[in-house]
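Since the structure comes first, as structure tokens, the remarks are kept for the end.
What you see is a predicted model; the values in this text were computed from it and never measured.
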Amino acid sequence: MKDQSKDLVADVLIAVDEAPMAAAIAEQLRSRPGVRMISAASDDDLLHRLESERYDALLISEQFHGLIYQGLISLIRSGDLCAPNLPIVLVADLAIDGLEEVAQRYFVKGLKRSDLGAAPQAIEAAINDRPRPLLLLIDDNDQYLSLLAEHLEQSFRVVTTSSPETAGSIFTSEKPDIVVSDYSMPFRDGEGVARELRAINPETPIVILTAHDTPRNHIALTKAGITRFLSKNMPLSTLERELRDLVLEYAIARASKAAANEASATGRLVRAINAARRDLGVGRAAFAAERLKGALVRNAAPPTDDDLTIDDE
């Protein structure tokens, strides 16, 4: 297999407060010209950077200025601090079995202190293995299409088309997890696109971007199968979060439906958790899993919609 680590292009946030370790990691990453290293100076600086800036990966040691990694990673995976599927490399002084267990639990790549020379490969693996839902983006404005696609690629795999007439064939072949379409387009508008896609798959969420918060004919558009209307005027970061939350909502709904069809409480729980993790690829599924588990343990009955609601607190 070809070693592609030298071709790695990424902005990597480094959160390591031990000077020898930081120096060893920096030495390895400096040999990769495409990697830009940004070092966090403190725990507050780390949190501020994660909240306000965008990074391709985070490399963090077990403890960073007293900040325990479990709490930080849980906060990241909740989606309340930054993109929940941010690739993370955890440098830890754990036995191999323990490091693998932590890596699986928190969806991170583990890197032993004794193997810091493999830091570039670990970062690349974390980035390449990051699961992202597939998003179909439709807009006749090529400039806006490119801008929006580039931004959303932090959280999604993005397939684009500037021709609404091709949306149906792309939707059929790619099977996206969510569709985002402009409303006003020549030859076929957002309503026409939604009607066509709904006939192919009635369950995929379809979001229409409009110049206003809600179009005047929103009732007719909702009947056409449009899931949600979002304004083109909202900040791209807000739009990205709205789309992530919508994918989460639909993934949990699918998990609930799958659970209700299982013969045993254990089978329902396992399949529901796996479905949520597979669909989302982010740690936020763990919150849904706990709700599902609680509902199943209480009475071995399928969880209700209330059990599946995740509150953003």
Side-chain angles (χ1 to χ4, degrees), residues 10-17 22 25 36-92 102-111 122-123 125-133 135 148 150-158 177-178 230 234-249 251-252 276-277 279-291 309-313:
D11 289 343
V12 182
L13 180 59
I14 308 293
V16 176
D17 55 5
I25 293 172
R36 187 168 71 100
M37 293 177 287
I38 303 93
S39 296
S42 66
D43 53 348
D44 287 340
D45 183 42
L46 172 63
L47 294 174
H48 173 72
R49 287 179 179 276
L50 287 172
E51 189 173 27
S52 60
E53 301 174 13
R54 301 173 67 84
Y55 299 95
D56 297 297
L58 166 68
L59 187 148
I60 186 170
S61 56
E62 284 180 272
Q63 292 192 22
F64 177 69
H65 291 284
L67 189 65
I68 307 300
Y69 72 87
Q70 292 98 326
L72 174 65
I73 295 175
S74 295
L75 186 61
I76 291 173
R77 294 302 184 228
S78 74
D80 293 326
L81 185 62
C82 59
N85 58 351
L86 174 70
I88 299 175
V89 174
L90 173 66
V91 182
V102 169
Q104 292 178 1
R105 182 184 307 164
Y106 293 101
F107 305 97
V108 303
K109 291 293 180 183
L111 179 65
I123 292 171
I127 293 174
N128 291 339
D129 292 351
R130 175 184 59 183
R132 293 171 295 171
L135 182 148
L148 187 54
E150 181 179 358
H151 185 90
L152 294 178
E153 282 176 351
Q154 176 70 14
S155 295
F156 299 91
R157 291 173 292 127
V158 181
D177 298 291
I178 186 170
L230 296 176
M234 69 169 53
L236 292 182
S237 58
T238 303
L239 173 62
E240 181 181 2
R241 179 173 183 128
E242 290 278 353
L243 297 177
R244 289 202 316 259
D245 287 347
L246 186 58
V247 171
L248 172 68
E249 177 184 329
I252 298 305
R277 283 179 174 168
D279 289 347
L280 297 175
V282 298
R284 206 170 173 183
F287 289 88
E290 289 302 314
R291 303 268 180 117
T309 301
I310 298 177
D311 299 319
D312 285 329
E313 297 177 352

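Taking the side chain to side chain donor-acceptor pair (under 3.5 Å) definition, one finds that D43 meets it with nothing, sequence neighbours left out. Remark: A22 engages V16 in a side chain to side chain contact (heavy atoms under 4.5 Å, CB included) (not counting sequence neighbours). Shown here are the side chain to side chain contact (heavy atoms under 4.5 Å, CB included) partners of Q63, two or more places apart in sequence or in another chain: I68. Partners of D44 according to the side chain to side chain contact (heavy atoms under 4.5 Å, CB included) rule, which considers only residues two or more places apart in sequence or in another chain, are S42. In terms of the salt bridge (Lys or Arg N to Asp or Glu O under 4.0 Å) criterion, residue partners of E53 (sequence neighbours excluded) are, by chain and number, R49. In this structure, E150 has no salt bridge (Lys or Arg N to Asp or Glu O under 4.0 Å) partners at least two apart in sequence or on a different chain.
Side chains of L81 and L72 form a contact here, defined as non-hydrogen atoms less than 4.5 Å apart. Considering only heavy atoms from C-beta on, I76 comes within 4.5 Å of C82 through its side chain. In this structure, F156 and I178 have side chains that are in contact, with non-hydrogen atoms separated by less than 4.5 Å. Inter-residue side-chain proximity for V247 and L135 is flagged as unmet; no heavy-atom pair is nearer than 4.5 Å. Residues L86 and L13 form no side-chain contact, since every pair of their non-hydrogen atoms from C-beta on lies 4.5 Å or further apart. Side-chain contact between L58 and L46 is present, with heavy atoms from C-beta onward closer than 4.5 Å. Between V108 and I60 there is no side-chain heavy-atom pair separated by less than 4.5 Å.
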Step by step, work out the side chain to side chain contact (heavy atoms under 4.5 Å, CB included) result for L111 and I123. CA-CA 10 Å; L111 179 65; I123 292 171; over 6 Å; no
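Of all heavy-atom pairs spanning L50 and Y55, the tightest one is N-CE1, 4.5 Å. Across all their heavy atoms, V158 and E153 have their closest contact at CG2-CG, 3.8 Å. Heavy atoms only, all atoms of each residue included: I38 and R36 are closest at CD1-O, 3.5 Å. Contact record, V89 with A122: CG2-O, 3.6 Å, taken as the closest heavy-atom pair. The two residues R54 and H151 have their closest heavy-atom pair at NH2-O, 3.1 Å. Residues D45 and A40 share a closest heavy-atom pair of OD2-CA, 3.3 Å.
Within the 3.5 Å criterion, the main-chain N or O of A41 finds a donor-acceptor partner in the side chain of H65. With hydrogens and angles disregarded, a donor-acceptor distance shorter than 3.5 Å links the side chain of D56 to the backbone of D11.
Distance CD/E62 to CG/L67: 13.0 Å, rounded to 0.5 Å. In this structure, CG in L243 is found 10.5 Å from OG1 in T238, a value given to the nearest 0.5 Å. I14 CD1 to S61 OG: the interatomic distance, rounded to the nearest 0.5 Å, is 10.0 Å. Distance check: L59 CG to F64 CZ gives 11.0 Å after rounding to the nearest 0.5 Å. Note that CD1 of I127 is 11.5 Å distant from NZ of K109, once rounded to the nearest 0.5 Å.
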